Amino acid sequence: MKPAAVLDIGSSKIVCLCGSFVNRDGITVHGVSVCPYNGYQVGSFSDHRSLQNAIVEAVSKAEQEARMRIREVAISVPAPFCKIVLTEATLPIGSRSKRVMAEDIDDVISLSLKKVKLNGYVLMHSTPVSFTVGGVVSSALPTGAKTEDLGALVSHMYVNEDFVRAMEQALSPLDIEVSMSVSSQLCAALAVIPEKERVRPAILIDVGYTHTDVSIVENAALTDIRSIDVGGKQLASDLAFGLDIPLETAEQVKRRFVFLQEPLSSTEIVRTPNGAKRVDHAAIELILEARAGELVSMIRAAIKEMGISPEASPVAYLTGGGIAMMKGGIDYLKRGLQLNIQRDTPW
């Protein structure tokens, strides 16, 4: 039961989770903490002090709750700090039986990695998208298959070096090492989208607080990703500006709003620290649907740019708290994107 810790770097909060493997059935969570911070924009942290303070607080609270000392953590890397490179490679099978061995799979992945030249990034993980054996493309591991050569399409996930340095600087005073870095979108895709639905390209739409990530997942790998600088915060900010109310109040108004539904009243009472004011519901609807409509257009453009056609009826999953937590939000996205979107937002 070796303890393990994960540090998830979100766009507005840091989550630290400490647990241990029980057996093949799963893990036991011993401690968890959530700490807000100033976040990041366009792949850059706006306030490193806020980041470091939030990481220290999140780790300390998780340790206290779990009653164990964290020595190393796995870092969940958000999409704006990641880069995907797809490469293909072909390896002659040199064994006398011409059958694929486990080491051949490792070798063809390594061979594909040699084709990548990328400055300013560090490799996180390499995941095969598909294998080619005897001219047949399949996602199944070809161990034991008889063939003259083995082909593979591999997804190589990289993390920005500046992100790695920021994590190491924040964790150094705590004497905690980074054991590994993983793509948060890959983890979410594998956790949220069932394996049988990843046989053909599937779409993961993650609408966060400050931005939205659209990912294409095939089998056990990400093959493309786009980050859009619009999320739940922008909806609340528009309300705050349009209604002349504090952002915190606007966030509450946003959460009460219901997409695609006639309101019970034509007006709404909005309570602010300076008193209450009556606002036309039509004004709230106009503001929110304008920004939500813009987000839908940007998601649609990203999906088209990544080569996925809605006519192919791809499976799509929605996660994150930016719009998934708003009433009617998923139905609004379904209508706007013309996709059958499933919602699955783990805790």
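From a predicted model like this one, the values you see are computed outputs, not experimental measurements. Residue numbers start at 1 and run along the sequence shown.
- Phe131 has its side chain out of reach of Ser138: every pair of non-hydrogen atoms, C-beta onward, lies at least 4.5 Å apart.
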Steps toward side-chain hydrogen bond (donor to acceptor under 3.5 Å, both in side chains) verdict (Ser126, His156): CA-CA 4 Å; Ser126 299; His156 305 286; 2.7 Å; yes

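- Residue Met326 is grouped with residue Val279 when hydrophobic side chains (ILVMFWY) are merged at heavy-atom distances under 4.5 angstrom, including chains of intermediate members.
- A donor-acceptor pair is defined here as one N or O able to donate and one able to accept, closer than 3.5 Å; no such pair exists between the side chain of His125 and the backbone of Met180.
- Checked by atom type and distance alone, the side chain of Ser184 pairs as donor or acceptor with a backbone atom of Val77 at under 3.5 Å.
- Screening Val199, Thr223, Thr127 for a side chain to side chain contact (heavy atoms under 4.5 Å, CB included) with Glu218, the sole residue that qualifies is Thr223.
- Surrounding CZ of Arg49 are at most 12 heavy atoms belonging to other residues, nucleotides or ligands under 6.0 Å away.
- Aromatic ring centres of Tyr158 and Phe81: separated by at least 6.0 Å.
- For the pair Lys83 (side chain) and Asn160 (backbone), a donor-acceptor distance under 3.5 Å is absent.
- Looking only at distances, no side-chain donor or acceptor of Thr132 sits under 3.5 Å from a matching main-chain atom of Gly135.
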side-chain hydrogen bond (donor to acceptor under 3.5 Å, both in side chains) evaluation trace for Asp206 with Gln185: CA-CA 8 Å; Asp206 183 356; Gln185 293 306 299; 3.0 Å; yes

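- Taking the six-membered ring for Trp and the full ring otherwise, Tyr332 and Phe259 have centroids separated by under 6.0 Å.
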Derivation and outcome, side chain to side chain contact (heavy atoms under 4.5 Å, CB included), residues Ile245 and Lys277: CA-CA 10 Å; Ile245 57 177; Lys277 60 188 300 185; 3.9 Å; yes

Chi angles and distances behind the side-chain hydrogen bond (donor to acceptor under 3.5 Å, both in side chains) call for His281, Thr267: CA-CA 5 Å; His281 188 275; Thr267 60; over 6 Å; no

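- For Glu65 and Lys61, the salt-bridge test fails: no basic side-chain N is under 4.0 Å from an acidic carboxylate O.
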